[in-house]
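Single-structure report; data block below.
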Amino acid sequence: MGERVLRNWKPATRLVHEGTVRSQFGETSESIFLTQGYVYPSAEAAEARFNGEDPGFVYSRYANPTVRMFEERMAALEGAEDARATASGMAAVNTALMALVSAGDHVVAARALFGSCLYIIEDLLPRFGVQSTLVDGTDLDQWRAAVRPNTKAFFLESPTNPTLEIIDIAAVAKIAKSSGAKLIVDNVFSTPLQQRPLELGADIVVYSATKHIDGQGRVLGGVVLGDAAFIEEAHTYLKHTGPSLSPFNGWVLLKGLETLAVRVERQTANAARLADAIADHPAAVRTIYPGRRDHPQYALAQRQMKGASTMVAFEVRGGKAGAFKVASALRLIAISNNLGDAKSLITHPATTTHQRLSPEVRARLGISDGLLRLSAGIEDADDLVADIVAALEAA
Ligand SMILES: Cc1ncc(COP(=O)(O)O)c(C=O)c1O
């Protein structure tokens, strides 16, 4: 798809224009190339495509023009040399790890991870001879102590799900670099607009595009980003094992990116209003929002992130029963485990997303029975605040 022209555009402009390639019809909105493959004008042309002399498309499991536009837009936005899109966020996480590790290697990961990431690191990789150590991601000494001569990758997510702890990406990146390991950051709880892990020293970024990038709850998707050599490895894994993004979903995500900046700005402002309203209510015994001065890592969040977060976590009195009463009393904010959506959504992590963890592990991660996780949408802030305050009265 031609050379990427790195113009001096700001992110909000890149989100709308970067990567667009128009057909001979000059369409305004990018086309969906809903095709499994491509035809060649001659057998010689087919041979040249397959042996790489002609860099055109050969099969949509390998690459597709619509998906490529999405990848180009993501790479430009993130400041990465290249990107590959995947069928889901988990396919992106798995692809990043599979492209990096081999039997005999070791991975160090922050223990506050999304459950399926923990499954890959703790259960799946050991079946193929890759060992792992889980650390408290906020404790830099634990990262240092966990390093072994065969440590190949560091993996972390920040802000963490659901307790919104902030891990110092630049500091962990330094430890990774001095240990010869690559740092992978799952940037799902943030967005490329709010946190730029590559600039902080990370090597690889992964996204569940299902979240803020789609932002309207329609499709699953994922992205891996990094330098050209790593993306070449990731692409080899993807094209031969098959978790590639469908052209239709690629198009939905490409269009999702166009509105990302306005959505995230509004969601962040709504999250800040909601966090203050919750913190002011006596039914909330703890409110966690990285943009509030009472967040234990407020200074780090200010340094590392641009504009706090679209997510708020809070603990209500009365444990599980109290949390259930609040969630069920909401009339506008819906109970759902997605996040980053235009619609405000709430979930009770202990009985949904983090149910798989033992009560002891949940306690260690600060996931109490009274904890609720709220993803702020783009609705009117007054309506959202009225809904949460009325529900808190029920606790
Ligand atoms: C932090 C994090 N990483 C990865 C994923 C996986 O994304 P997907 O559901 O698109 O596979 C999720 C999904 O909730 C997530 O929250």
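Just so you know, ligand 1 is whichever comes first in the structure, and atom 1 is the first atom listed for that ligand. Only a predicted model underlies this, so the values are computations on that prediction, with no experimental measurement involved.
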(message) So if I only count non-hydrogen atoms and take anything under 4.0 Å from ligand 1, which residues does that give, chain by chain?
(response) Ser88, Gly89, Met90, Phe114, Glu157, Asp186, Val188, Ser208, Thr210, Lys211, Gly221
(request) Verify whether one side chain among Arg73 and Thr20 offers a donor that lies under 3.5 Å from an acceptor in the other. (result) yes
(request) Could you walk me through whether Ser208 and Met90 pass side chain to side chain contact (heavy atoms under 4.5 Å, CB included), step by step? (result) CA-CA 7 Å; Ser208 164; Met90 284 322 303; over 6 Å; no
(message) Check this for me: does any side-chain nitrogen of one of Asp105 and Lys182 sit under 4.0 Å from a carboxylate oxygen of the other?
(response) no
(message) Once ring pair (Phe, Tyr, Trp, His ring centres under 6.0 Å) is applied, do any residues pair with Trp251, and if so which ones, sequence neighbours excluded?
(response) none
(request) For the pair Asp341 and Lys343, find out whether any cationic side-chain nitrogen is under 4.0 Å from an anionic carboxylate oxygen. (result) no
(message) Please tell me whether Asn338 and Ser336 have a donor and an acceptor in their side chains that are separated by less than 3.5 angstrom.
(response) no
